[in-house]
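Read the structure below first, then the notes.
Bear in mind the structure is a predicted one, so any value in this text is a computation, not a measurement. Ligands are counted one by one from 1 in listed order, and the atoms in each one are counted from 1 as well.
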Amino acid sequence: MLLDLALWLATPAPWRHRRLGYVRESVLLSARARRCRRVWAPHAAHTRAAVLAACADLPLRREAVVLGSGPLADVPLAELAAAFERVVLVDAVHPLSARLAARRFGHVRLVTADLTGAGDPVGDLCGRADLTVSANLLTQLPVVPVDRHEAAGLPVPERLGAEIVAAHLAALGRLPGRVCLVTDTEQRTEDRAGRVTDRLDLLFGVSLPPAPLSWDWELAPFGEAERHRRLVHSVRAYPDWAAARDGLSLP
Ligand SMILES: C[S@@+](CC[C@H](N)C(=O)[O-])C[C@H]1O[C@@H](n2cnc3c(N)ncnc32)[C@H](O)[C@@H]1O
């Protein structure tokens with residue numbers, strides 16, 4: 001708790017991102033990542049492998065941009081830094097640990113940006129990239145905007161989540177370079193007998209095409225969120241999103 005408060009105070013971020021709750025979300029994410037490091041390890045390894053698969057056959061490796069780089073738990077930073085002339089890490093909040101990791105490489109740059117912000121931030125940041133990675137970001141994009149409505153006691157617009165998800169996918173679809181998309185899609189709540197007691201569509205009705213890679217991510221093992229329930233996320237990875245996205249279906 002005290003560590004979280006200290007991290008909240010010490011994490012550099014624009015005042016707007018702090019006020020909107022991005023720093024709070026980032027500190028909570030890092031805290032859960034520390035607690036769940038062991039059970040999250042396979043998810044991180046699968047994500048890193050998908051990113052490396054995305055750049056394996058790329059003829060040009062000038063610039064790689066990672067959207068949602070956050071704590072860098074699932075970004076193969078050293079490998080990207082070795083393979084590309086420039087690496088750009090983009091997030092609303094770069095935790096101190098990520099800042100330290102990036103500092104080891106002279107050609108890795110951090111960009112602090114709200115990817116749901118006005119205009120086309122994805123197009124502006126990734127328009128020249130040979131590789132863009134959307135790294136477990138998609139379902140996080142609606143979190144702060146939805147929370148903002150709820151905190152203000154305002155009704156959440158019915159299509160807000162779906163619009164944010166669809167806008168990010170559309171922005172990725174317009175990029176000229178290779179796009180690697182890794183995202184969770186659904187949350188299952190399971191009891192200790194293995195029964196599914198609840199399901200939550202994390203994409204607000206947007207249906208992704210079949211993916212070449214998929215796995216389960218045990219987001220909250222028993223005892224993390226609830227003593228006798230665990231949360232498991234289904235994850236899909238598309239090392240080459242352009243080859244798959246024709247099957248995308250919007251609500
Ligand atoms: C689940 S984390 C991604 C994990 C990360 N790829 C890693 O390697 O550890 C989701 C990230 O999305 C970021 N994020 C959420 N909403 C955002 C927004 N509107 N703009 C930019 N980043 C955002 C969060 O700050 C967080 O770092």
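A salt bridge is defined here as a Lys NZ or Arg NE, NH1 or NH2 lying under 4.0 Å from an Asp or Glu carboxylate O, and E85 with R61 fails to meet this definition. R24 has no carboxylate O lying under 4.0 Å from a charged side-chain N of D147, or vice versa, which leaves the two without a salt bridge. For R229 and D198, the salt-bridge test fails: no basic side-chain N is under 4.0 Å from an acidic carboxylate O.
When heavy-atom distances to ligand 1 are checked against 4.0 Å, the residues falling inside are Y22, L29, G68, S69, G70, P71, L72, A73, D74, V75, D91, A92, A113, D114, L115, T116, A135, N136, L137, Q140, L141, ordered by chain and number.
Within 6.0 Å of CZ in R109 there are 12 or fewer heavy atoms belonging to other residues, nucleotides or ligands.
Cation-pi geometry between R18 and W8 is met: under 6.0 angstrom from the ring centre, within 45 degrees of the axis.
With sequence neighbours excluded, the residues satisfying salt bridge (charged side-chain N to carboxylate O under 4.0 Å, His left out) with R32 are E224.
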